[in-house]
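Residue numbers run from 1 in the order of the sequence given.
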Amino acid sequence: MRDIHLRYVEEAYDENGRLAKFETHIPDDYNFGYDVVDDIAQAEPDRRAMVWANPEGEEHVFTFADMRKWSDKTASFLMEQGIGKGDRVLVILRRHYQFWFVATALAKIGAVLVPATFMLKKHDMVYRLNQAEIKAVIATDVGDIADVVEQALPECPTVETLILVSAGGGGLTPVDADGNPVSPDGAPVGSQLSGEQGVCALPAEREGWLDFNTGVRAASDSFPRQQTLAADPMIMYFSSGTSGNPKMVLHDSRYSIGHLMTAKHWHNVRPDGIHFTIADTGWGKAVWGKYYGQWLMEACVFTYDFDRFHPSEILGLVGKYGITTLCMPPTMYRMVMQERLEDYDLSTLEYSTTAGEALNPDLFEFWKEHTGLTIFEGFGQTETPLTIGNLTNTTPRPGSMGKPVPLYDVAILREDGTACGPGETGEICISIDPHPAGIMVEYFRDGAKTAAAMRDGWYHTGDTAWADEDGYYWYVGRNDDVIKSSGYRIGPFEIESVLLEHDAVKECAVTGVPDELRGNAVKATIVLAEGFAPSDALTRELQAWVKSQTAPYKYPRIVEYVDELPRTVNGKIRRVAIREADADKQIDGLV
């Protein structure tokens, strides 16, 4: 290891080994593909970059030399198809290893990577293709996403090129009674998926689409450095869209440097370990945990190309592949709690992290009891890398987001722009004067929303929190999710966290409903755990539970039981959909 990341940052630590200073120094012509991937490949060609596997039994170990070779071949192939600097390319590749070839190739070309989830439907697809003026689509042959793209095409005039990736199953191959993949039509499974030639061996045939694997294999592996700048657009995500249409979040190449904070000081990755973040490449969390920061740290990532999360399957991978650092959302940790952890070899695990939802204290304690590991929470957005977190060598407080990271000047502000005092809820804001590495450039082609979010020298996150006397931040909710009841500002996050500690609650969402007396009343929409059924007695029990665990005024006066919660295509709970549904119906009688 050569500590190449220290070319771009200056760090300092306090007497307890805690990070106290983190400043970036990024050359004007910095490019992640050339200056990180190719640099490591040149100096240490055999250093592992990624261990990749799928349920079908296919496995690959990619070195940085491999990643250089395949990204160069991919860049050559894509340029042959007319994709050039500044072009926006929609990429829907689940967890296929080809995603890393494509992402690195587009960075080298200077084109813009636009990741998307495979769960999109026609309406979603038309919106994305047109709003971003997508030139090319690179999609998996797994599932129906190619059908969805074709349905959208007649309404999307900017799309010129369609490229299809054969994924070799993608975790959807049927299995026999022993769990071994079988293919009823005689298609290859297991190690055969790689074929005699290895990587990108399987062709994809579909009218109107180019075959990625065949084209890349035939392309040149010599790709000269293109002229690009650190300030050039590099990656663009569509935000979750909890209300209205999703925003297009545009980042430049400096975004990758911002994720050094994510990987080194939160995930605690090390060059001789192997890090596993569970995320589909259509979500921003994938580049948080499976790409930029980890490779800047010269570390190896593990990727499992599965379709649906099964806790027993994931737990078995830890010992099999020697996973050392793990990041999962709280929902997956909760699912893991249903397993007998002593039946699995978790001895290689050294560090664990989480972000995205409430981490209830019983989950924190369960993981500590069964693995000896603390779960370190963190906070960030599609618009940012990690901005608040429980970093290495700190002591987390269960339920707290942690403290602002040294890369950013973070404050909790009132509506008038003044700073909140301890215990006072306000909006989390990040100074953009000067504009730091990792914070979005803009909401693409939406000057009004950009101006609303980036004003008066601050990026306004739209998330609210309060800080305690020691500087730990505690999440309250999105600005439009905060419930104002009887003069109190009530955050859904903390009530949801309390409810999730009750055995009867599998999932929940807390919202406000109009109330003549209080302005708004607190409502809990609950998916019950197996073995529990809705009843007035259970409602009273849950209400009493909340009163016993937090301030009584926060308890849900209304409880509704549902089979599932509304979610965005990225899997986040859409509280706005619950509020809209409540506005259209008479809620009397739900109390």
Side-chain angles (χ1 to χ4, degrees), residues 33-34 37-38 41 49-50 52 54 56 58 60 62-63 65-116 118 129 134-143 145-150 153 156 158-170 187-188 192-226 281-282 303 305:
Y34 303 119
V37 178
D38 287 4
M50 182 167 67
W52 180 94
N54 67 9
E56 280 78 8
E58 185 181 7
H60 295 287
F62 294 102
T63 65
D66 293 328
M67 286 297 175
R68 177 179 184 175
K69 168 189 170 182
W70 287 104
S71 64
D72 279 353
K73 290 172 75 68
T74 301
S76 297
F77 169 68
L78 295 180
M79 287 197 75
E80 288 171 3
Q81 313 314 317
I83 297 172
K85 184 176 181 180
D87 289 335
R88 289 170 292 282
V89 181
L90 191 73
V91 178
I92 310 171
L93 290 179
R94 292 184 173 236
R95 297 171 176 86
H96 312 335
Y97 57 75
Q98 289 92 340
F99 174 84
W100 284 261
F101 302 170
V102 170
T104 308
L106 292 176
K108 290 179 175 181
I109 293 171
V112 182
L113 169 69
V114 186
F118 62 89
L129 294 177
I134 295 295
K135 183 174 184 177
V137 177
I138 303 175
T140 174
D141 68 347
V142 171
I145 196 65
D147 295 329
V148 175
V149 172
E150 290 177 355
L153 280 182
C156 304
T158 66
V159 179
E160 299 177 6
T161 306
L162 302 177
I163 303 172
L164 194 65
V165 174
S166 176
Q192 300 175 59
L193 286 167
S194 301
E196 295 182 1
Q197 296 177 313
V199 177
C200 289
L202 296 178
E205 297 181 6
R206 188 181 182 104
E207 185 177 355
W209 294 71
L210 298 171
D211 176 5
F212 178 91
N213 286 351
T214 301
V216 166
R217 289 194 67 85
S220 171
D221 61 3
S222 177
F223 188 77
R225 181 165 185 149
Q226 308 295 299
T281 60
T303 299
D305 196 8

Go through it in stages, so that I can follow the logic: the residues are Val91 and Thr281, the test is side-chain contact (heavy atoms from CB on, under 4.5 Å), and I'd like the CA-CA distance, side-chain angles, deciding distance and then a yes or no.
CA-CA 9 Å; Val91 178; Thr281 60; over 6 Å; no
Where do Val149 and Val159 land on the side-chain contact (heavy atoms from CB on, under 4.5 Å) test, with the steps shown first?
CA-CA 10 Å; Val149 172; Val159 179; 6.0 Å; no
Run Met67 and Thr104 through side-chain contact (heavy atoms from CB on, under 4.5 Å) and show every step you take.
CA-CA 8 Å; Met67 286 297 175; Thr104 308; 5.8 Å; no
Fill in: side-chain contact (heavy atoms from CB on, under 4.5 Å) evaluation trace for Phe77 with Phe223
CA-CA 10 Å; Phe77 169 68; Phe223 188 77; over 6 Å; no
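Of the possible donor and acceptor atoms, one in the side chain of Lys73 sits under 3.5 Å from a partner among the backbone N and O of Arg217. Counting only distance, with no hydrogens or angles, the side chain of Thr158 and the backbone of Lys135 share no donor-acceptor pair below 3.5 Å. The backbone N or O of Gly84 lies less than 3.5 Å from a partner atom in the side chain of Asp87, making a donor-acceptor pair. In this structure a side-chain-to-backbone donor-acceptor pair under 3.5 Å is missing from Tyr97 to Asp305. Remark: the backbone N or O of Ser220 is not paired with any side-chain donor or acceptor of Asp72 at under 3.5 angstrom. At distances below 3.5 Å, at least one donor-acceptor pair connects side-chain atoms of Asp211 with backbone N or O atoms of Ala204.
A 4.5 Å side-chain heavy-atom check between Val165 and Asn213 finds at least one atom pair inside the cut-off. Side-chain contact check for Glu58 versus Trp52: some heavy-atom pair is nearer than 4.5 Å. The shortest distance between side-chain heavy atoms of Lys69 and Thr63 does not fall below 4.5 Å. Looking at Val89 and Val102, their side chains never come closer than 4.5 Å, going by heavy atoms from C-beta outward. Looking at Thr214 and Pro203, their side chains come closer than 4.5 Å, going by heavy atoms from C-beta outward. With contacts defined as side-chain heavy-atom distances shorter than 4.5 Å, the pair Phe99/Thr303 does not qualify. You'll find the side chain of Asp66 stays beyond 4.5 Å of the side chain of Val199, heavy atoms only. With contacts defined as side-chain heavy-atom distances shorter than 4.5 Å, the pair Val148/Phe118 does not qualify.
Taking all atoms of both residues into account, the shortest heavy-atom contact from Arg88 to Val114 is CB-CG2, 4.1 Å. Residues Leu113 and Ala103 approach most closely at CD2-CB, 3.8 Å, considering heavy atoms. In this structure, Arg94 and Gly143 approach most closely via the heavy-atom pair NH2-CA, 4.5 Å. Here the shortest heavy-atom pairing between Ile145 and Ala139 reads CG2-CB, 4.2 Å. Heavy atoms only, all atoms of each residue included: Ile109 and Ala75 are closest at CD1-O, 3.8 Å. When every heavy atom of Ala105 is checked against every heavy atom of Ser71, the shortest pair comes out as CB-O, 3.4 Å.
Ring-plane geometry between Phe101 and Trp70 is classed as parallel, the angle between the planes falling under 30 degrees on a 0 to 90 degree scale with a further cut at 60.
Identified under the side chain to side chain donor-acceptor pair (under 3.5 Å) test for residues 74-86, with sequence neighbours left out: Lys85-Asp232.
For Arg95, the side chain to side chain donor-acceptor pair (under 3.5 Å) test picks out no residue, with sequence neighbours left out.
Contact check on Lys108 versus Asp38 returns a salt bridge, with a Lys/Arg side-chain nitrogen under 4.0 Å from an Asp/Glu carboxylate oxygen.
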